[in-house]
Amino acid sequence: MNDPHLRPSRYDVAILGGGPAGSHLALRLARMGRRVALIEARTFPRAKPCGEFMSPECLGLLDEVGLRQAVLDAGACSISQMEIHGFGRKARGGYMARDCQPGTYIHGLALRREILDELSLRAAEREPSVHLFEGRRATTLLRREDGCVDGVTLAPNGRGAEEIRADFTIGADGLRSLVAREMGVYRSVESLEKLAFVFRFAGVEPQDHAEVHFVDRGYVIAAPVDGGLITVNLIVEKADWAGGDKLAFLLRKLAQAPMLARKLEEAVPTGEILAIGPLASTTEAQVFDGAALVGDACGFVDPLTGEGLYFAMRGAALLAPALDHALATGRRDAAVLRGYARARRREFGARFVLARGLQRGLRRPGIARTVLSLLSSRPRLMDLLLTVTGDSVSPLHALKPRVLLPALWQR
């Protein structure tokens, strides 16, 4: 619904950010009958630095918004296993079913973000009650006299600045969210500050697994995506990057991961080299009077566990019914959305603790070597860890003795 003459004077929800969190939220709200302004600063398709992997639980979330078949039709690669290399050790595991029983495995999908995000955004745009403001940058939040957020101002685009009024304004706008910053809740996590560099290569033999290779003060993640390409993510300490030639920097790091380096010897770098960071951030609150946060805007951990897209899609699934309820009751106070905040903590809290614990522990070679030795000698434990990071099982469930002990005992 992009005809200016058909725009409502006020929306139920204004969403800043057209990535998976924002577009999935718009799709869900539109199908609840809500009027949505979806505001995206960039023009799609656009490149986005990302590991480009959707964990197994993302598949059901794609189904719920009607996008799974479109993702498959776009050529998404199926990834059923992962290898971890480092410190002279190698561990390989596969995704297990929800009941954590061996023998039945599930898989994730990998697709270039410019394709995935375009599919999601255009699906939302086709909804009659969604108005897409594409290539429009939000500059400031609008407030009522009592401080309640009342919408957002868009930067001039030839016709002057524009005010978008809405009962709720949602920050789905990533790492340094405008909503999080204006609400004063954004915080960086300096002890975990890292940078990510995303490269793509053509001419690599097809594979059905992703790989993690530990290098000095960082790691490399490689995963096949559509189009016969492989995406390579280099994650390093912020202090280790002094600028210069990004590809040369990657090749120096790859020399510390000889198995991956050999695989890429005949490969051809393709496309733009993307960078993003610092990566680690958090927020002190996620719901406010007239506003809320979803996806990376709530907080971000580096991509070792590959859960960013799951956090975005699942967060949208949790927030949509909370917003629908608030709108139905005519309330705009933060308290009406606290059920969403609690659901986020239940769903993601333990996963964030696990991700940050892995980050801190694996920065220490002695700990990393011990963990990899344990995983390589106990394949079922590796399967269990992968299933947890694949979002099929919560970390707390994996710690139950009936689940954890068999994995520890079986060699």
Side-chain angles (χ1 to χ4, degrees), residues 45-55 71-94 107-118 194-237 240-277 279 302-306 308-309 362 372 386:
R46 56 93 173 94
K48 169 77 173 178
C50 178
E52 303 186 314
F53 173 67
M54 290 170 277
S55 61
V71 166
L72 293 173
D73 291 344
C77 284
S78 174
I79 296 180
S80 58
Q81 296 190 329
M82 180 174 286
E83 291 181 355
I84 302 179
H85 302 258
F87 310 101
R89 311 292 195 275
K90 172 185 173 181
R92 182 173 180 132
H107 64 89
L109 293 173
L111 183 68
R112 283 176 286 172
R113 278 294 299 272
E114 58 263 37
I115 298 175
L116 175 67
D117 291 2
E118 173 85 353
K194 299 180 183 181
L195 302 178
F197 298 87
V198 181
F199 308 74
R200 291 200 187 115
F201 291 84
V204 181
E205 184 177 346
Q207 61 186 49
D208 65 351
H209 65 277
E211 303 175 21
V212 177
H213 296 259
F214 287 96
V215 296
D216 182 37
R217 290 167 56 84
Y219 55 93
V220 182
I221 303 176
V225 292
D226 58 287
L229 302 174
I230 187 168
T231 293
V232 177
N233 258 11
L234 169 64
I235 292 88
V236 295
E237 301 290 337
D240 290 352
W241 171 247
D245 187 324
K246 297 184 182 73
L247 181 58
F249 183 60
L250 170 70
L251 294 177
R252 288 197 300 272
K253 288 294 185 181
L254 280 179
Q256 302 168 19
M259 292 187 67
L260 181 58
R262 285 195 294 272
K263 184 177 294 187
L264 296 176
E265 277 180 352
E266 304 299 323
V268 179
T270 181
E272 182 184 1
I273 298 173
L274 303 175
I276 189 171
L279 293 177
D302 82 45
L304 176 62
T305 53
L309 287 169
L362 294 175
L372 286 177
L386 192 59

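For reference, positions follow the sequence shown, starting with 1. Computed over heavy atoms, backbone and side chain alike; hydrogens, waters and symmetry mates excluded.
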Calculate, to the nearest 0.5 Å, the distance between atoms CZ and CG belonging to F199 and L250 respectively.
4.0 Å
P224 to A110 - nearest heavy-atom pair and separation
O-CB, 3.1 Å
Is any side-chain heavy atom of T270 closer than 4.5 Å to one of V268?
no
Whether R200 and E114 form a salt bridge (side-chain N of Lys/Arg under 4.0 Å from carboxylate O of Asp/Glu) is what I want to check.
yes
side-chain contact (heavy atoms from CB on, under 4.5 Å) between E83 and M259: does it pass, once the steps are laid out?
CA-CA 11 Å; E83 291 181 355; M259 292 187 67; 5.5 Å; no
Look only at the side chain of D208 and the backbone of S78, and say whether a donor-acceptor pair between them is shorter than 3.5 Å.
no
With sequence neighbours left out, write down each residue that passes side-chain contact (heavy atoms from CB on, under 4.5 Å) with R46, or none if nothing qualifies.
R42, F44, K48, R113, D117
For the pair H85 and H213, name the ring-plane relationship: parallel under 30°, tilted 30 to 60°, perpendicular over 60°.
parallel
One should read off an interatomic distance between D245 CG and R252 CZ, to the nearest 0.5 angstrom, of 8.0 Å
Closest heavy-atom contact between V215 and A257?
CG1-CB, 4.2 Å
Show your reasoning for whether side-chain contact (heavy atoms from CB on, under 4.5 Å) applies to V198 and I276.
CA-CA 9 Å; V198 181; I276 189 171; 5.8 Å; no
Looking at every heavy atom in both A74 and I115, which two are closest together, and how far apart are they?
CB-CG2, 3.8 Å
Of the non-hydrogen atoms in A223 and I79, which two are nearest, and what is the gap between them?
CB-CD1, 4.0 Å
What is the minimum heavy-atom distance between F87 and L372, and which atoms define it?
CD1-CD1, 4.0 Å
Report the C-alpha distance between E237 and K194 in whole Å, list the side-chain angles of each, state the deciding distance to 0.1 Å, and finish with yes or no for side-chain contact (heavy atoms from CB on, under 4.5 Å).
CA-CA 4 Å; E237 301 290 337; K194 299 180 183 181; 3.9 Å; yes
Minimum heavy-atom distance between L260 and A222, given as atom pair plus value
CD1-CB, 4.0 Å
Mind checking the CG-SG spacing from L111 to C77? Nearest 0.5 Å is all I need.
8.5 Å
The reported gap from OG1 in T231 to CD in E52 (rounded to nearest 0.5 angstrom) is 4.0 Å
Is a donor on one side and an acceptor on the other found under 3.5 Å between the side chain of K253 and the backbone of D216?
yes
Evaluate side-chain contact (heavy atoms from CB on, under 4.5 Å) for V236 paired with F197, printing each intermediate quantity in order.
CA-CA 9 Å; V236 295; F197 298 87; 4.0 Å; yes
Nearest-0.5 Å distance, CG of residue L247 to CG of residue L234:
11.0 Å
Separation between CG of L264 and CG of L251, rounded to the nearest 0.5 Å
9.0 Å
